Each structure stands twice: as structure tokens, then as C-alpha cells.
Amino acid sequence: MSKISCLICFLLVAFITCQSVKTPKLPVDFVNPLIGTDSEYKFSHGNIYPAIASPFGMTAWTPQTGERSGWIYQYGKDKINGIKATHQPSPWIGDYGDFAVMPMIGELKMQRNERESAFQHQHEIARPYYYQILLEKDSIIVEITPTERCGYFRITYPQSSSAILLLDAFQGEVALTPDGKKITGIARSNHGGVPENFGCYFVLLCDKPVSESGTFTADSQQTGQLNVSGEQVGAFLKFNTTPDEPVHFRIGTSFISHEQAEQNLATEIGNRSFDEVQANTKIAWNTLLSRISIKGASESQLTTFYSNFYRALLFPRIFHEFDRFGKMVHYSPYNGQIHAGEMFTDNGFWDTFRAVYPFFTLLFPDLDAAMIRGWINAAKEGGWFPKWASPGYRDCMIGTHVESLIADALSKGINDFDREAAYQACYRDATDTTGGGATGRTGLADFIRKGYAPCDKVHEATARTLEFAYDDWCVAQVANDVGKSEDAKVFLNRSLNYRNVYDPQVGFMRGRLADGSWRPDFDPTEWGGPFTEGSAWHYTWSVLHDVEGLIQLMGGDEKFIAKLDALFETAPTFKYGHYRQEIHEMTEMVACQMGQYAHGNQPVHHVLYLYNYAGQPWKGAKQIRKAVDTLYGPGPDGYCGDEDNGQMSAWYIFSILGFYPVCPGQPSYIIGSPRYPEVVLHLPDEKKFVIKAINNSDENIFIQKAMFNGKPHQLSWLKHKDIIAGGEIEFTMGPQPEQSWGANIDHRPQSMTKR
Ligand code: CA
């Protein structure tokens, strides 16, 4: 245990044992898990549920406020029909292996609309490590605290001879012991991406004598029946309760077996009390969240920051478990077998490669390596890297971005994984034209032969061309790492294919037909068509690895800057394109009030930082401040679009620090506008990196000068190795731009094309 975490333990114990003495709030105390939960199908303020979980926990727990849809918990609803064990990464991907528990009094009600209870937010306490709710219908208080793979419920019923706990396994199998004190089951529901034998095994242990128990199906209940299986199944337990005597339920989950679920329960909860487990999970969160400390932020700003930090520490979900010998093993969602080693899941790499993994490389490099070992195991077991994992291969989004994670890690000296196997899987993504859909690249054959994916043959072809070009640049970095320099040359050459979809006549990336001509009737505000969830306004900037090359394509710095300015100045109009209706990302672009800049979706997430490449970082600073201060907040409406597995949050964290990883795979970060007077990164090996911003305020947003470890810092970017070595960067801020800082060509960020 490090010095920092010892200190945290001390503070925590002091806090718990002596609450009358006012102690400063810990980072974890600022987290609001309800951030982003005021969302609906038509408009996303995050599209997330309050995940009551351990960091990256295998199973999370969340109240369910409506039907079993992707919108598990909606802040505006006033009824709860169960507390769910969930594995959902996004409402668009759906849940798997989920089941729910619901307490009630009197008659057993199985249907969600019959068993639901009113609740009020004033009687709700949500912390990452603890959730409490008063179910008003029967005056029942439910408390839950999570571990990585288990949940511990403490339920306080009023006095009753018929207090009930219902376990709704949805689809699957449930079995009871004759004394009713143990329920086992397999939750088999899923939305694809699973082998035949898939299931989430669970075991529930009850600490109170049970007066009656049984199982149920959709339309019948059977007291005393010990087994049931099918499409809609569950079990119930009844007790005599006295007031103020809570009943405890300990639930273990596993994707391997019932025995493993019991093993997980014994390891993670065992004989510990509810309060002990809660304190441990609180420490786990606080230890990670304490890796960044901030001076000069308000209570509400700290809530926004640490809530974003919490959101960045939930995905990818741990999918490996530890057997009775302590050996790390996992159920493979790729082949249905049990293997040794890491497995992670629930990640849309289209979102997360941009800032989530670069964030891990900075603060949690060992974890980053472990995750990469997991993705390499996925390729070993299933033949390909996943593009969207949940839990196995899912067909969603376009590029093959695990390459980016690997190139980024290697560029930063993180290499504790099988690099040869990593390269093999990268190489397959980049060369095997039999892929497409859930694995590989749709349109790859044309991309190789013609230099672009033609939009009359391939869906969303120009977005694919741009993403494949960046991915190829990443593959080239990995190839060089394993000594395949000839391969690297081929991929580097292909990474210039972005040029083939830029039309200088219109000044945008554009759809191109198989015969080489441009797709007619160009309109930069048309969504879809050759693009994915965006328009030419958004994808024209998708050349992460060669911004200098893009500047040259556009005709130089001035034209590039003018185009960026126009992005923010052009009214946020849009055409539906192939979506044929307004999709939520379009609505959210309008709500952003930043012109055509659509922060609610990922393709533009690097764009505010591109001004630096043309020597005008101050222009980016203005927009970055606007985005961090107006598009993020501490409450249920805290996001301006889908949060997406930590990407929205990681963008915010970096932008608060004052820099952002425009091109993962390149060990550098582009400087924006540091938000607070002082932020400290507590790095591995007890090192610290301090980011100071003198004279910083809501108005003083422009960097006047910068000093790095006491020496003038003219570069408008930072090297990864300089940050992790520890040290200090000191910015002096002012209300007017200092246009000379970062303007010189030598001081700009570098890309593939050199001046
Ligand atoms: Ca998105």
C-alpha cells in the first residue's frame, strides 16, 4: 500500500468514527453517480445509469425505474421496480446477464408494473460505493454496497409476517435450497455477442430464517417448488420481520460457474459486515480518485470533475475472476471456454481510443497494460480484436481501434504484453478483407486497391476511409516496434489515403464513388451518407496522425484556421441524410451552441486542439473553456450527449488539466487552457506533476507564457515522458491572447508530414 493510500485510509477511518468533527471532503465524497441520468431516447444528457460498483467492477448495481429497456434508470421517473445487477455499457448495446431483486410486503407481486414502488430523490443517497433508497409503497429501506463481482444488500422492512424478497432472473434458470436460504441461478439474457453456453451465474445468501419460499414464472407462482427455467423466471423468500432489524442478502456473480460465484462471494465479502465492505469499496474508489487533486475549484466544479473521473473508471469492465487457488481465469465470450489470464469487456473503441486509454497511460499504466493483455486474449480466443466488445464481438461502429491502444501504449514505453501477438492481430485487421461487421474492416479491399472506400459500394465509406488511414498509421507504429519495418512502410503509405477523400473544390472530406468521381449534391450539413453519426463538418478533421498534411491539403495555415473558425460560426443546421429523421446527436449539436461543432459525439473530440498545429492555440483556448464550462455539469443533466464508456469524461479531465491527446500513438498532448490555479497529478512511483496557472480565472483563459521546471516552455504541447518524470509546468494566464506563444513553426505539435 502506498503512502497516499495509507493517508487516505487514515482520513477515512477518522471520517467514519468521528463524524462530528468536520473533516475535509475526500475526492470520492464529491462523486455524484446520478450525473447524466436525466436522459431519454430523443435527448441524451449522458445516457447512463447510476453505476453502484467497484472501479471497473464486473457487475454493477442500479435501480430500475421502468421497463427493461436501455434506459434502466431515468432521473425523471418516480417509481422503482427492482435493483438490477447490470453489465450494460450503453443503451444502444443493451444489457446482458442481468437480474433484479425487489423487496415488498404482503402479497407477492411479480410483474414490474405491479411490484413497483414510488420513491423520491430526497430519500435517495447515491455514492459509487453505496446506494440507499426508501421504497415508499411499503416503507422499505434498501441499501446496497458493491464489490468487484458481488453485491451486499441490507434491507430494512417494517414489522411484518410477510416480508418478501423477490429475485427476478428474467430469462434463465433459478433454484432454491429447501430451507430457502440460498438461491442460485443463471441469467441468460443478452443482446448477442455471446456463445451458446453463455450465462451470468449468481448465488444469493440470506441471513434470516425463511418462512416460505418458492419460484415463479410469468403467470404463476409455486410455493415450495425448488427449480424453474424459461423466458421469465424468478424466486421469492418470505420472512417475519421486526422493525429496525435489517435482513442481509449477499449476492455473488460469475460468468464461469455457480462454484465460482460462491468463490467470488467468499473472497470479496465472506464474513465481513455490510459496513466493512462499504468502507473497503469507498477506499478503492478514493485511492484512484485521489490521483488528481485540485486547488481553486468550487464545490460544484469539484463535483463535476470527480463525477467525470468516476465515469472514466467504470469501463472496460473486468471480466476475469480468481479461482480457488487464486489463479486469474476467465470465461471467454469469444469461444465459450475457460482460459487463464485477463479479460475485459464492454467497450466501444470508436469512442474510447481517443482519450480514455491515453488517460490510463498517464495515471494507470499497469492497468492499461492489463487491459491490452485482455484484448490480445480476445484476439487469441476469437481470431480478431473486437471493435465493440459486449461481452463478445458486437457489430457497431466502423474502424478497428484496438490498434490505437497498442500503438499508444508502446509509444509511451508500456509494453508488458505479448507484442508479437498484438502485431499479428493488428496485421489481420489491416489486411484480412474477409472481415467486416463485428470484426475487421468493411470496405478494406477497396481501401487497399483504390485508396478509399467508395460510397456507392460501402456504407459510411468516407468515415471508414479516414478511420482506416489513422488505424494504419497505428499499425505501422506497432510494426516498427516488432521490427517489421517493411510492413510499417506499407501501412504508413496507406495512412495517407485520407487525401483521396478530400475534395479541394468544396474544401471538405467527401463521399467518392467507385469510378473516382465525387458523390453529387454535396452539402456539408448532411449527416450520414458517407459519414457515421456526423457530417462533413465533423469528419473533415479526422486526420489525427497527420494534421500538418491536412493543413497542406486545405491550402495552408490561414485557410485551415478560417475553416476551423467557420466550424464554430456556421449555424447548427443539419440534413437527416440516411437517418431519415432527427437523431439525438443532431439535437444535441444544436443544444451545444457552438455552431457546427457537435461535442455530443466523438468524431470532433480532438478538433478544439487543432488550432495549435497552425500556430494559434489561443483560438482553441476560447472554445475549450466554453466547452468545459457550458457543456458539463454536476447533475443528472451533466453531459451534452452520450457519455460513452468514459470518453466524454476523459475529454473533460484532460481539458481541465489543460492538454489533450489529439493523436493516440504519438506520446504527446496538445496544450489547451488549464482550468484551475493548481492541479496535481499523483503519478506512479510517488512522482508528482504539478500544473499551475497563475492569474487563472473565468476571464483569464489565455496562456501568456509557460515555464517547464523553471525554464521557458514555448512548445504548445507536452511530451508524455516529461509529464511522467514528474515536475511542474507553470502557465501565466491573462484576459487577452498572447499570440506569439506557440505561434512559431518549431513550437507547434508535430505530425507525420514535416514542414
Ligand atoms: Ca457517441
Side-chain angles (χ1 to χ4, degrees), residues 35-49 51 70-71 88-94 191 308 311-312 314-316 346-359 386-390 394-402 404-405 459-460 463-464 466-467 470 527-528 531-539 541-542 544 572 574 576-579 581-592 594 596-608 627 631-632 637-655 660-661 664:
I35 189 173
T37 59
D38 188 12
S39 298
E40 55 180 340
Y41 178 84
K42 283 187 159 180
F43 196 97
S44 170
H45 278 122
N47 267 343
I48 39 183
Y49 52 85
W71 286 262
Q88 178 172 293
S90 153
W92 312 108
I93 290 291
H191 288 82
N308 273 270
R311 280 279 154 202
L314 289 169
F315 297 101
D346 289 327
N347 227 242
F349 298 104
W350 187 79
D351 304 292
T352 57
F353 84 86
R354 301 166 198 271
V356 177
Y357 289 91
F359 178 61
K387 287 155 75 179
W388 224 118
S390 183
R394 300 292 295 277
D395 184 2
C396 188
M397 308 318 283
I398 54 179
T400 52
H401 301 312
V402 175
S404 169
L405 276 50
H459 187 55
E460 302 175 345
R464 287 182 204 274
L466 294 165
E467 294 195 10
Y470 165 69
W527 286 51
F531 301 110
T532 306
E533 292 179 2
S535 68
W537 269 120
H538 309 133
Y539 277 91
W541 314 103
S542 296
L544 313 182
F574 53 83
Y576 298 158
H578 75 242
Y579 296 104
Q581 58 176 326
E582 184 164 330
I583 60 172
H584 73 98
E585 286 90 349
M586 298 171 188
T587 326
E588 289 147 18
M589 174 179 76
V590 178
C592 279
M594 291 181 73
Q596 286 284 339
Y597 177 76
H599 192 75
N601 207 12
Q602 280 69 21
V604 296
H605 274 191
H606 61 297
V607 172
L608 304 186
L631 304 182
Y632 289 81
D637 61 350
Y639 293 101
C640 61
D642 289 355
E643 199 284 325
D644 283 336
N645 302 158
Q647 171 57 27
M648 276 286 175
S649 300
W651 187 94
Y652 182 78
I653 296 167
F654 272 121
S655 294
Y660 185 82

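We use all heavy atoms of the structure for the numbers below, so side chains are in, but hydrogens, waters and symmetry mates are not. Note that this is a predicted model, so its numbers are computed, not measured. Both counts, for ligands and for their atoms, begin at 1 and track the order of listing.
By the 4.5 Å heavy-atom criterion applied to side chains, Tyr632 and His599 are counted as neighbours.
Not one N/O/S atom of Asp642, from backbone or side chain, sits under 3.0 Å from the Ca ion (ligand 1). Contact annotation: Asn601 places an N, O or S atom under 3.0 Å from the Ca ion (ligand 1).
Residue-level check: among N/O/S atoms of Asp644, OD2 sits closest to the Ca ion (ligand 1).
Aromatic pair Trp92/Tyr41: centroids less than 6.0 angstrom apart. Taking the centre of each ring, Tyr579 and Phe574 stay at or above the 6.0 Å mark.
Taking each heavy atom of Tyr539 and Pro603 in turn, the nearest pair found is OH-CG, 3.5 Å.
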